[in-house]
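Here is the structure we will look at, set down as structure tokens.
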Amino acid sequence: MNVKKMGTTLLALLVGSSAWAAAPKSTPALVEKGKTSYARNCLACHGETGDGNGPTGRFLNPKPRDFKGPFKKGNKPEEIFNTISTGLPGSAMVPFAGLPEEERWALTYYVLSFQPAQGKGTKKDAPPKGKK
């Protein structure tokens, strides 16, 4: 077994099944907890607005994820939770498996709050007046 695969296996054992746990319901309190954790753990790379232009992030290659676009490993809460828990090899995104499970879910929902609302177009996307 190579070292990289061994590290991934060890991480999966340390994180346990919680990395693939069913998503709890998003609540305003959970999102607020995520905002607090984001300021402490994510803002330096991903920036205040989640655009990937944090004070540290602008110097990284590859650049941190812009949370307004699609995610590498999927946009479902479970997929984002898994990325937060296990990190992204080949990037500066480290695993946050040391954070309590509830805090990782809180981060998941806060990060999702940067996504454009589904089904809601911008004024720019609206048809011209009189045309439908």
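Because only heavy atoms are used, hydrogens play no part in the values below, and waters and symmetry mates are left out as well, while side chains stay in. The model shown is predicted, which means the values in this text are computed figures rather than measured ones.
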Run the numbers on T108 and E78 for side-chain contact (heavy atoms from CB on, under 4.5 Å), then give the verdict. CA-CA 8 Å; T108 296; E78 294 86 353; over 6 Å; no
Test side-chain contact (heavy atoms from CB on, under 4.5 Å) applied to L30 and E102, step by step: CA-CA 8 Å; L30 194 58; E102 181 186 36; 3.9 Å; yes
Decide yes or no on side-chain contact (heavy atoms from CB on, under 4.5 Å) for E103 and R40, but give the supporting numbers first. CA-CA 12 Å; E103 188 170 347; R40 187 175 52 251; 2.8 Å; yes
Could you walk me through whether E101 and F81 satisfy the side-chain contact (heavy atoms from CB on, under 4.5 Å) test, starting with their C-alpha distance in whole Å, then the side-chain angles of each, then the deciding distance to 0.1 Å, before giving a yes or no? CA-CA 9 Å; E101 182 178 337; F81 177 86; 3.8 Å; yes
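Relative ring orientation between F71 and F67 is described as parallel, the plane-to-plane angle staying below 30° on a 0-90° scale split at 30° and 60°.
Of the options I80, I84, N82, a side-chain contact (heavy atoms from CB on, under 4.5 Å) to R104 is made by I84 and by none of the others.
Closest heavy-atom contact between F114 and G50: CE2-N, 3.6 Å. Summarising the geometry of P77 relative to A23, their closest heavy-atom pair is CB-CB, 4.2 Å, with the distance given to 0.1 Å. Closest heavy-atom contact between C42 and L107: SG-CD2, 3.8 Å. Here the closest heavy-atom approach between residue C45 and residue P64 is recorded as O-CG, 3.5 Å. The minimum heavy-atom distance linking T49 with K68 is given by the pair O-NZ, 2.6 Å.
Take S26 and apply the side-chain contact (heavy atoms from CB on, under 4.5 Å) test, not counting sequence neighbours, and it matches V31, Y109. When the side-chain contact (heavy atoms from CB on, under 4.5 Å) test is applied to L43, the partners found at least two apart in sequence or on another chain are Y38, E48.
By the neighbour-count criterion of 12 heavy atoms within 6.0 Å, atom NZ of K73 is sparsely surrounded, having that number or fewer from other residues, nucleotides or ligands.
Here T83 contributes atom OG1 and R65 contributes atom CZ; the two are 9.0 Å apart, rounded to the nearest 0.5 Å. For the atom pair NZ (K63) and CG (D51), the distance works out to 6.0 Å, reported to the nearest 0.5 Å. With rounding to the nearest 0.5 Å, the separation of CG in N53 from NE2 in H46 is 11.5 Å. Rounded to the nearest 0.5 angstrom, K72 NZ and S91 OG are separated by 6.5 Å.
Here the side chain of E79 pairs a donor or acceptor atom with the backbone of N75 at under 3.5 angstrom. Side-chain N or O atoms of S37 include none that pairs as donor or acceptor with a backbone N or O of G34 at under 3.5 Å.
V111 and L60 fall into different hydrophobic clusters, where Ile, Leu, Val, Met, Phe, Trp and Tyr residues are linked whenever their side-chain heavy atoms come under 4.5 Å apart, directly or through other members.
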